[in-house]
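Below is one structure, written out as structure tokens; the observations come after it.
Just so you know, ligand 1 is whichever comes first in the structure, and atom 1 is the first atom listed for that ligand.
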Amino acid sequence: MSSAADRRRNVLQTIVSAAKLAGREPADVTLVAVSKTRTIGEIRELIEAGQRDFGESRVQEALDKWPVLLAAHDDLTLHCIGRLQSNKAAEAVRLFGTIHSLDRLSLLESLVREAEKANRCPGVYVQVNIGEEEQKGGCAIDEVASLVSAVRQSPLPLEGLMCIPPLGLEPSPFFALLAKIAGENGVAGLSMGMSADYRAAVTLGSTAVRVGTALFAD
Ligand SMILES: *Cc1c(COP(=O)(O)O)cnc(C)c1O
């Protein structure tokens, strides 16, 4: 059985080799450890191994697990990577340093309102429904420009664009398309790549990979 530290070292090595292959700086890629469904004990092992960025999908689960960990380590960043309802905006703004799932103007408005109340401005990624799938989070491709522009006029820092490619299809064309849309909008950050495909995502420009299984399970 591998340790959390071994698994993290392997993932970081893969990121370094993929970045070098693409002529990129490995330091430009943030590894976000996706800890949804994982216990506080499992998360602690990764913190002890040096991991500082973590992602959760659900606000309630994050509220159950993270206050104690954040209180013990003031250099951790928690990332919201799941669908966010506007009625959870207040909790989200207090808990998350970065939100990867901004996909509509009404959610931006709720986040801004709560950010001003809490005096805390999380960075946001605009999530794009890159495969134009029904039932999938993310804004339509033709809405990206207006949502990006709304974030730029808000107090929330724009971190970049995020996508989750359709299940069962080769992800690389979708990563390349997200990178192209980012370029057209003058956006630098790209949140793309999960356990099965983060290597390809890094070669195509990802600046934040969201990796769960490869870090937490053998
Ligand atoms: C669960 C999840 C991940 C991590 O998936 P793994 O395949 O376990 O690496 C990444 N991004 C999102 C949005 C997720 O929901």
Side-chain angles (χ1 to χ4, degrees), residues 2 4-15 18 29-40 42-43 45-47 49 51-66 77-85 88 92 95-104 107 111 122-139 144 159-172 174-175 177-179 182 189-218:
S2 64
D6 293 336
R7 292 189 294 268
R8 179 170 183 268
R9 200 174 313 113
N10 283 339
V11 171
L12 287 173
Q13 267 165 12
T14 301
I15 291 172
V29 183
T30 299
L31 172 59
V32 178
V34 175
S35 52
K36 66 177 186 224
T37 76
R38 308 296 172 180
T39 64
I40 292 179
E42 288 176 286
I43 295 168
E45 285 176 30
L46 263 188
I47 294 174
Q51 182 62 31
R52 288 296 174 266
D53 289 87
F54 289 86
E56 289 282 346
S57 289
R58 293 165 176 276
V59 173
Q60 189 54 53
E61 183 183 346
L63 277 171
D64 290 342
K65 295 191 313 202
W66 281 91
T77 300
L78 196 56
H79 300 248
C80 175
I81 62 164
R83 268 200 171 165
L84 191 53
Q85 289 173 321
K88 296 274 164 68
L95 200 53
F96 297 109
T98 308
I99 292 171
H100 292 237
S101 47
L102 175 69
D103 62 358
R104 57 199 190 277
L107 176 59
L111 289 172
V124 294
Y125 288 85
V126 169
Q127 183 178 351
V128 184
N129 184 355
I130 201 72
E132 310 202 279
E133 299 169 273
E134 272 178 46
Q135 299 291 326
K136 187 92 162 225
C139 70
V144 173
E159 300 282 349
L161 303 184
M162 179 275 219
C163 78
I164 307 170
L167 260 182
L169 293 183
E170 164 61 44
S172 289
F174 296 100
F175 295 152
L177 178 57
L178 191 72
L190 291 169
S191 169
M192 56 188 200
M194 317 192 344
S195 291
D197 53 24
Y198 67 96
R199 190 173 210 290
V202 169
T203 64
L204 291 166
S206 176
T207 59
V209 292
R210 310 176 309 267
V211 177
T213 313
L215 285 170
F216 282 99
D218 275 307

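- The 4.0 Å heavy-atom shell around ligand 1 contains residues V34, K36, S57, I81, I164, M194, S195, R210, V211, G212, T213, ordered by chain and number.
- Using the six-membered ring where Trp is involved, W66 and F54 have ring planes that are tilted, between 30° and 60° apart.
- Counted within 6.0 Å of CG on L167, heavy atoms from surrounding residues, nucleotides or ligands total 12 or fewer; the atom is thus considered open.
- Rounding to the nearest 0.5 Å places CD1 of I43 at 4.0 Å from NZ of K65.
- Taken to the nearest 0.5 Å, the CD1 atom of I164 stands 5.0 Å off from the CD atom of Q127.
- Counting heavy atoms from C-beta on, the side chains of R52 and I47 come closer than 4.5 Å.
- In this structure the side chain of P166 reaches within 4.5 angstrom of the side chain of F174, judged on heavy atoms.
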